[in-house]
Amino acid sequence: MSKLLSKKEGFTLIELMIVVAILGILAAVAIPAFVGYVRRSKTSEATGNLNSMFKGAASYYNQERTTQGIAAATSGNCTVADIALEPTDPGAGKQAFTTNASWEALGFSIADYVYFGYQVSSGGASCANTASDTTIYTLAAHGDLDGDDTNSTFELAVGSNANNELYHARGFYIASETE
């Protein structure tokens, strides 16, 4: 009976070292994967905002405009001028997006802070756009997700079809998605 009472229970040093080694291996595998998942989740901001930019551009393009007076001239199929990158220097941290008249014309604004800077290339403001033009807009998002001065780039090409309605490419052009 005294033999049973004096028995000590616990883990040996070797068992504890094995557990620590297993945890170290799991951490070595899991941490880089986790960092990759976080970066990939940040890129979802860019695709969502580029889709919103396209919807605003399509609405602006189809909106009918007129001048003042009885003999007013009407026009449509208008584009906005090029819009510079905003925020101008995207970095690893989030920044505020500042809107201007061109962004407002497209109906595009972002209330939250963003990882990416957004820009529009259009070749200039015009209301003389014709059908079947494949180079109406290039909508772009640029971001430096890890602060190493290498940009992650997303672009969406926009053109007009035979009915002079805007459409966009089937997918995004992506360069250095997660850097």
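Quick caveat, the model's predicted, so the values are computed rather than measured. For reference, positions follow the sequence shown, starting with 1.
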Min side-chain heavy-atom separation [X]-[Y] under 4.5 Å:
X: Trp103; Y: Val120; result: yes
X: Leu139; Y: Phe172; result: no
X: Phe54; Y: Leu106; result: no

Rounded at 0.5 Å granularity, tell me how far [atom1] in [X] sits from [atom2] in [Y].
X: Tyr61; Y: Glu165; atom1: OH; atom2: CD; answer: 9.5 Å
X: His142; Y: Glu155; atom1: NE2; atom2: CD; answer: 6.0 Å
X: Asn77; Y: Glu64; atom1: CG; atom2: CD; answer: 10.0 Å
X: Asn49; Y: Ile110; atom1: CG; atom2: CD1; answer: 4.0 Å

Using residues 20-48 as the side-chain source, report each donor-acceptor pair under 3.5 Å to any protein atom, sequence neighbours left out, with the distance given to one decimal.
| from | atom 1 | to | atom 2 | distance (Å) |
| --- | --- | --- | --- | --- |
| Arg39 | NH2 | Asp146 | OD2 | 3.4 |
| Ser41 | OG | Val38 | O | 2.6 |
| Thr43 | OG1 | Arg40 | O | 2.6 |
| Ser44 | OG | Ser41 | O | 2.7 |
| Glu45 | OE1 | Tyr115 | N | 2.9 |
| Glu45 | OE2 | Tyr115 | N | 3.3 |
| Glu45 | OE2 | Phe116 | N | 3.1 |
| Glu45 | OE2 | Tyr118 | OH | 2.7 |
| Thr47 | OG1 | Ser44 | O | 3.1 |

task: Only pairs at least two apart or in different chains count here, so list each side-chain hydrogen bond (donor to acceptor under 3.5 Å, both in side chains) that has a residue in residues 121-132.
output: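 For residues 121-132: Asp82-Ser122.
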Short question: side chain of [X], backbone of [Y] - any donor-acceptor pair under 3.5 Å?
X: Thr138; Y: Ala157; value: no
X: Gln119; Y: Ala140; value: no
X: Asn161; Y: Asn163; value: yes
X: Asn151; Y: Thr153; value: no
X: Asp144; Y: Pro90; value: no

message: Under a 3.5 Å threshold, yes or no: a donor from one side chain and an acceptor from the other, between Thr135 and Asp133?
response: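 Yes, because at least one side-chain N or O of Thr135 sits under 3.5 Å from a partner of the opposite role on Asp133.
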task: Return each pair, listed once, that meets disulfide bond (SG atoms under 2.5 Å apart) where at least one residue sits in residues 79-178; pairs must be two or more places apart or across chains.
output: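 For residues 79-178, and leaving out neighbouring residues, the disulfide bond (SG atoms under 2.5 Å apart) pairs sorted by first residue read Cys78-Cys127.
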task: Verify the ring-centre separation between Phe97 and Phe108: is it less than 6.0 angstrom?
output: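 Yes, the ring of Phe108 comes within the 6.0 Å limit of the ring of Phe97, centre to centre.
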- prompt: Is it the case that one hydrophobic cluster holds both Leu85 and Ile174, taking links as side-chain heavy atoms less than 4.5 Å apart, direct or via other members?
  reply: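 No.
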task: Report the C-alpha distance between Val19 and Phe11 in whole Å, list the side-chain angles of each, state the deciding distance to 0.1 Å, and finish with yes or no for side chain to side chain contact (heavy atoms under 4.5 Å, CB included).
output: CA-CA 11 Å; Val19 168; Phe11 296 106; over 6 Å; no
